[in-house]
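The sequence lines fix the lettering, A, B, ..., with proteins before strands; numbering per chain opens at 1. These values consider heavy atoms only, across backbone and side chains, with no hydrogens, waters or symmetry-generated copies. Quick caveat, the model's predicted, so the values are computed rather than measured.
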There are 2 protein chains.
Amino acid sequence: MPAPVTLSEIAARCGVSAMTVSNVLNNRGKVSQATREQVLTVARQMGYVPNVLARGLKSGRTQVLGLVLPALDPVSVEIAQGVQAALSEARYDMLLYTTSADAGRERERVTALSQGLSDGLLIAMPRAAAADVQIFERSRVPVVLINYNGPDTRLPTVLADNFVPARQATEYLLGLGHRRIGFITGDAGSGQSHERLRGYRAALEHAGLAVDEHLVRTGDFTQVRGFAAAAELLALPERPTAIFAANDFSAVGAMEAARHLGLRIPEDVSVVGFDDIPLASQVFPPLTTVRHPFRALGEGAAQLLLSILDGKAVPAGPVNLASELVVRGSTAART
Amino acid sequence: MPAPVTLSEIAARCGVSAMTVSNVLNNRGKVSQATREQVLTVARQMGYVPNVLARGLKSGRTQVLGLVLPALDPVSVEIAQGVQAALSEARYDMLLYTTSADAGRERERVTALSQGLSDGLLIAMPRAAAADVQIFERSRVPVVLINYNGPDTRLPTVLADNFVPARQATEYLLGLGHRRIGFITGDAGSGQSHERLRGYRAALEHAGLAVDEHLVRTGDFTQVRGFAAAAELLALPERPTAIFAANDFSAVGAMEAARHLGLRIPEDVSVVGFDDIPLASQVFPPLTTVRHPFRALGEGAAQLLLSILDGKAVPAGPVNLASELVVRGSTAART
DNA sequence: CTGTTAGCGCATTCAT
DNA sequence: ATGAATGCGCTAACAG
């Protein structure tokens, strides 16, 4: 493992000052052609690589952004892909934090450690509570929130609305003639789930239907709970003819439950999910679901953070990206 | 955004030297109880956070490891999860690089940029060629290879064998009475695919069966190509009764192709995959496949790199983790 | 127990 | 067009 090469070593070899070498390597004008070429040659020969730390210490910029995720689940991965895309274009690197386990302490650690290391932080924690956000608000590091649905915050936010598409999905089922539509929620803490449930209720009420609370079951965004919740729904005396789940995993669980009970999808039960994770199109029948633009969220948030770091203005309200209903094979008209 | 607090600022407030503050904050003994407490209080009040860059510049250690992945596909994600687990335990952070697009140049950039920023690099690029590995061998940064199956290298490597489990999976199909077993490869460049194919051939030969080259189709690890390759296989005059795909995506594509042709799985065709990505257990019927211990690979590689950074010895040969065949619903005895 | 000195590698400022 | 001095924030090594 050869020792790292420094600017001054190159300077020595070339008989110039370190400053000149620095100027050459950063294309900072005012260097004679001859010197420039010599320096470049020697630098390449010696395998010079700039020390990111030293540069960062001096300039206050490291060209690294941190991305904070709850875990590496499919949704977070899509966000991360978008972030990666935006960052690599801007020649930034991505520091990845997952905070699944010990929530609170971990989050403080993140903001602390990233101090100095990251130029900014992207936070994609849909379940973040007010307390979490306060930590970030107090942080010295510029922060952009992704998909935050909790209490108001002055932090710049990029999100996709949950209420409207949930209402639309429900209206789509109503349009297919369904009248008893079950709903499987996510965990209680999630602002996302809450908004989606609100959209469901709004659609029913708008259609002049009372919301039968027996048709609303508590899930937790997992396939297993989705299975259980759907099993309960389908065991009801007056069975729902359609189930809208707060996310795709729950919906897939619901599909399994229906199959388990000998019900056909979509003939006997229609199922609608939310998110459009890759799995949604890979199950059979492929799942009708709301496509949430996670990749675009990541990309947009990264770009926003970069522009803020460039001193550009912070948008007044949250940046809101559109979702769309993707109709696939798991839904049909009520028979 | 309050300005960052420095050691000397705390020192000033406390009427002590920066050195003492540093000693307190790093538990580097020899500080009176009184001073210690005062410093700690003030530091907390002012919201002190150590500057990782400065510390790294001084100590040569940043507590950051880089993970290089081809993309954020399910397999890479599992590896990343393992790495995260190991690193967070050791209080290291993870810098994530994906190199999908412009392979060569990108790789040089990675080793270059990470110079100084990462204390070491974990490389999980199953398709890495000899040329790539040479770049890493020349790198000044300690490197551990994950799942590298190419030409020999002196770099420490953590991998899961492909040959033996592929042979076992094939033997399992033979044991079920299958005699015409199709094989769908990954892309040619992949050492992984090559080893898996070798295992397939070995099992057939060992059973005294000639390998019918019509039964070996070229895929590229994608579901789409898996579909196409399987369609070809199933259109053969003498149709195979089982298909072994070099990875799960191809296998799922093969299942779709079979269904498309009106064939039942597993009654008419058995399908076996490789990897055991989450999708494998979510499709219907759930896929029989070889479980590759990706999480453990990531975890093991991270631990190995950490121990190397600690000055411990590098294992002589590659560290080899075991895979196992997971029998699910996509395989049955030939009827 | 505590303080001083010095320097990690780079880039900004001001000379030359 | 080039160079010298200086300091980013921290900590080894030594001195008091």
Side-chain angles (χ1 to χ4, degrees), chain A residues 2-40 42-43 46-64 112-119 140-141, chain B residues 2-40 42-43 46-64 112-119 140-141:
Chain A
V5 180
T6 69
L7 274 192
S8 18
E9 283 169 36
I10 300 179
R13 282 277 193 302
C14 294
V16 294
S17 83
M19 207 43 240
T20 303
V21 178
S22 173
N23 281 330
V24 170
L25 295 173
N26 294 286
N27 281 321
R28 242 186 274 96
K30 286 121 194 289
V31 183
S32 78
Q33 192 56 26
T35 340
R36 145 167 278 107
E37 280 174 16
Q38 191 200 4
V39 167
L40 285 175
V42 173
M46 302 180 68
Y48 171 76
V49 161
N51 182 314
V52 188
L53 293 187
R55 183 178 283 177
L57 187 57
K58 195 78 188 63
S59 65
R61 291 288 203 96
T62 57
Q63 299 275 108
V64 173
L113 269 192
S114 60
Q115 176 68 21
L117 228 191
S118 326
D119 291 340
R140 306 183 206 302
V141 189
Chain B
V5 181
T6 69
L7 272 193
S8 16
E9 284 170 37
I10 300 181
R13 283 276 194 301
C14 294
V16 295
S17 83
M19 207 44 236
T20 303
V21 178
S22 172
N23 281 330
V24 169
L25 295 173
N26 293 286
N27 282 321
R28 243 186 271 96
K30 286 119 192 291
V31 184
S32 79
Q33 192 57 25
T35 339
R36 145 169 278 105
E37 280 174 16
Q38 190 198 5
V39 168
L40 285 175
V42 173
M46 301 181 67
Y48 172 76
V49 160
N51 183 314
V52 187
L53 292 187
R55 184 177 283 177
L57 187 56
K58 194 82 185 72
S59 67
R61 290 290 203 95
T62 58
Q63 298 274 111
V64 172
L113 269 193
S114 60
Q115 175 67 21
L117 228 192
S118 323
D119 291 342
R140 305 183 207 301
V141 190

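- B:Tyr48 has its side chain out of reach of B:Val42: every pair of non-hydrogen atoms, C-beta onward, lies at least 4.5 Å apart.
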Q: Treat primed atoms plus P, OP1 and OP2 as sugar-phosphate and everything else as base, then score nucleotides 8-15 of chain D 5' to 3': B for base contact with protein heavy atoms under 4.0 Å, S for sugar-phosphate contact only, - for none.
A: BBBBBB--
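- For the pair B:Val24/B:Met19, no side-chain contact is recorded, criterion being any heavy-atom separation below 4.5 Å from C-beta on.
- With contacts defined as side-chain heavy-atom distances shorter than 4.5 Å, the pair B:Asn51/B:Thr6 does not qualify.
- Using a 4.5 Å heavy-atom threshold, the side chains of A:Val16 and A:Thr35 count as touching.
- Phosphate proximity of C:dG3 to B:Thr20: present, with a side-chain N or O under 4.0 Å from OP1 or OP2.
- By the 4.5 Å heavy-atom criterion applied to side chains, A:Gln38 and A:Arg13 are not counted as neighbours.
- Distance, A:Leu25 CG to C:dC10 P: 9 Å, rounded to whole Å.
- Rounding to whole angstrom units, CD of residue A:Gln63 and C1' of C:dC10 are separated by 15 Å.
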